[in-house]
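What follows is one structure encoded as C-alpha cells, with my remarks underneath.
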Amino acid sequence: MKLSIGPGALVAAAFIGPGTVTACTLAGANFGFALVWTLIFATFATMILQGMAARLGVAGRMGLGEAMMQGAGTPALKYAAGGLVLAAILIGNSAYEAGNLAGAALGLDAVFGAQGGWSGSGYTILIAGIAALALGVGRYRLLERLLILLVIIMSLAFAASFVLVRPNIGALAAGAIPSIPSGGLLTAIALIGTTIVPYNLFLHAAASQRRWTEATPEAVAAARLDTRLSIGLGGLISLFILSTAAASLFSSGLRVTSAADMAVALEPIAGSAATYVIGIGLAAAGLTSAITAPMATGYAVSEIVGRSGDDHALVFRGVALLVLGIGLTAALSGIRPTELILFAQAANGLLLPVIAIVLLMAMNRQDLLGEYTNSRTENVLGVGVVGVCLLLGIRLILRTAGIWP
C-alpha cells in the first residue's frame, strides 16, 4: 500500500500545534494527571465528529458550510444561520491564529534567541509572512508535508520523553476517571478545544471531497480508516506531552511561560538539546496551523457565500489573509503568548457545540447522503459529544458570572 498524506493526517497535524503543546504542558504542570480523562474523551470525540465531516465530503460531495446553507430552509433562516457561523468561525479562527503565530514565534525564539536583533515580534511577523506567501500563492502542498514531518519529529521526541521520564502508570490510569480539580475548568475546556478543533470540521470535509473524487463504499471506508488512525495518533502524542509535563513539572514550583520553560520537562533527559527539539517542533507546528486555520476559514466562507473553495478563488484567499491579518494584530498586541494560546483553545471549546450541531443536522439528511447518513449509534455518540461540550461551556459561563462555584 502506498503511503500518502491523507486529510486525516492534515487534520491531526493541524491540532498538534502550539495550542496542543501549551495546553497539554500547562495541564500536566498545574494539575498532574488529573485531566487525562479530558484528552481521552476529546480524542474519541474528535474521531466521531471528524469521521462525520470526512463522510460528508466523500459521500455528500460538499463541504460543511455548503451543506449547512442547503439545509437551512427559508431564506431568512439561511442568512441567519450563515451569519452566525461566519461570525463564529471568523472570531474563533482569528483567536486561534493569534495563538498559532505566537506559539511559532516562541519556538523560533527558543532556538535562535535574539540573533541579529531579531525579537519575538520579529519572529511573529516572519511566520506571518511565510504563511501569507503560502496562502496567497496557493502552492503550499510541499510546505505542508515538510511541516508535518517536523511535527512528527517533535512528536517522537515527546514519545521518547514519556518512556524515559517513566511517569507513574497508576497515577496516569487514575487520571482517566473524570473529575475537574480546583481551578482546572478553563484548562479542561482548552484541552477539548485544542483537540476537537471546530475549524478542522470544515477543513476535513473540504479536503476529503478533493482527495476521494467518487462516493463509493471503498472511498468511505478509506476515509474512516484515515481519520481513526490519524486522530488516534494525534491523541496519543497529546497524552505523551501531558504525561511528560506531569512527571517532570507537577509540584516542582516551576512556572511555564515560554517554550524555554516547557523544555524543562526534557532537560533532565536531553540536556540543552531539549530546548532545540521543542523549539523546532513548536515553530513547525505553529506554522502548519497558521496556514490551516485561515485555509479552513476560507473554505467555510466561500462555501457559505456560494463560491468555489478552490485555492485560487478570490473569496478564499481574501478571507484567509484577513484571518491571518487579524491574528497577527492580536499576536503583536502585547498579550503574553501562553495566555493568548490558552484563550484561543478555550474559545474553540465554546464554539465547538455550535459547529457540531450543524454537522449533526447535515449528517441526518437523506437527500444529501442517502445510505451514508448517520446510524442511530452515530447520532447517540454525536449528541453525547455535543452535550458534554455544552455542559462544560455553560459551567464556565456560570462560574465566570459567580453563579457556579
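The shortest non-hydrogen separation linking Val323 to Glu97 is O-CG, 3.9 Å. When all heavy atoms of Ala176 and Ile40 are compared, the pair lying nearest together is CB-CD1, 3.9 Å. Between Ala223 and Ala54 the shortest heavy-atom distance is CB-CB, 4.2 Å. Here the shortest heavy-atom pairing between Phe250 and Gly28 reads CB-O, 3.5 Å. Closest approach of Phe31 and Pro181 over heavy atoms only: CD2-CG, 3.6 Å. Summarising the geometry of Ala331 relative to Ala98, their closest heavy-atom pair is CB-O, 3.8 Å, with the distance given to 0.1 Å.
The OG1 atom of Thr38 lies 6.5 Å from the CD1 atom of Ile180; values are rounded to the nearest 0.5 Å. Atom SG in Cys24 sits 10.0 Å away from atom CG in Leu35 (nearest 0.5 Å). With values rounded to the nearest 0.5 angstrom, Arg55 atom CZ is found 4.5 Å from Arg224 atom CZ. Summarising the geometry, atom CD1 belonging to Ile48 is positioned 11.0 Å from atom OG1 belonging to Thr43; distances are rounded to the nearest 0.5 Å. Between atom CG of residue Leu133 and atom CD1 of residue Ile291 there is a gap of 9.0 Å, rounded to the nearest 0.5 Å. Note that CG of Leu39 is 8.5 Å distant from OG of Ser243, once rounded to the nearest 0.5 Å.
Between Leu191 and Leu242, some side-chain heavy-atom pair lies under the 4.5 Å cut-off. Using a 4.5 Å heavy-atom threshold, the side chains of Met363 and Leu56 count as touching. Considering only heavy atoms from C-beta on, Leu324 comes within 4.5 Å of Leu101 through its side chain. The side-chain heavy atoms of Leu203 and Met295, taken from C-beta on, include a pair separated by under 4.5 Å. Under the 4.5 Å side-chain criterion, counting only non-hydrogen atoms from C-beta, Arg317 is not in contact with Leu135. With contacts defined as side-chain heavy-atom distances shorter than 4.5 Å, the pair Trp212/Glu218 does not qualify. Residues Tyr123 and Phe112 are in side-chain contact: their nearest non-hydrogen atoms beyond the backbone lie under 4.5 Å apart. Considering only heavy atoms from C-beta on, Met52 stays 4.5 Å or farther from Leu201 through its side chain.
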**Message:** Evaluate Arg365 against Thr373 for side chain to side chain contact (heavy atoms under 4.5 Å, CB included), listing each step before the verdict.
**Reply:** CA-CA 7 Å; Arg365 288 179 53 194; Thr373 55; 5.8 Å; no
**Request:** Please test Tyr372 against Val220 for side chain to side chain contact (heavy atoms under 4.5 Å, CB included), starting from the C-alpha separation and ending with a verdict.
**Result:** CA-CA 9 Å; Tyr372 297 109; Val220 173; 3.8 Å; yes
**Request:** Walk me through it: do Phe202 and Ile355 pass the test side chain to side chain contact (heavy atoms under 4.5 Å, CB included)?
**Result:** CA-CA 9 Å; Phe202 289 92; Ile355 305 301; 3.8 Å; yes
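Judged purely by atom type and a 3.5 angstrom limit, Asn30 uses its side chain to pair as donor or acceptor with the backbone of Leu26. Remark: the backbone N or O of Ser289 is paired with a side-chain donor or acceptor of Asn100 at under 3.5 angstrom. Under the 3.5 Å distance criterion, the side-chain polar atoms of Ser230 are matched with a main-chain donor or acceptor of Asp226. Between the Thr213 side chain and the Gln209 main chain, no donor and acceptor come within less than 3.5 Å of each other.
For Ser375, the side chain to side chain donor-acceptor pair (under 3.5 Å) criterion is met by Glu378, not counting sequence neighbours.
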For residues 163-172, please give each side-chain donor-acceptor pair under 3.5 Å, one per line with the distance, not counting sequence neighbours.
unit_1 : atom_1 : unit_2 : atom_2 : d
Asn168 : OD1    : Gly170 : N      : 2.9
Asn168 : OD1    : Ala171 : N      : 3.0

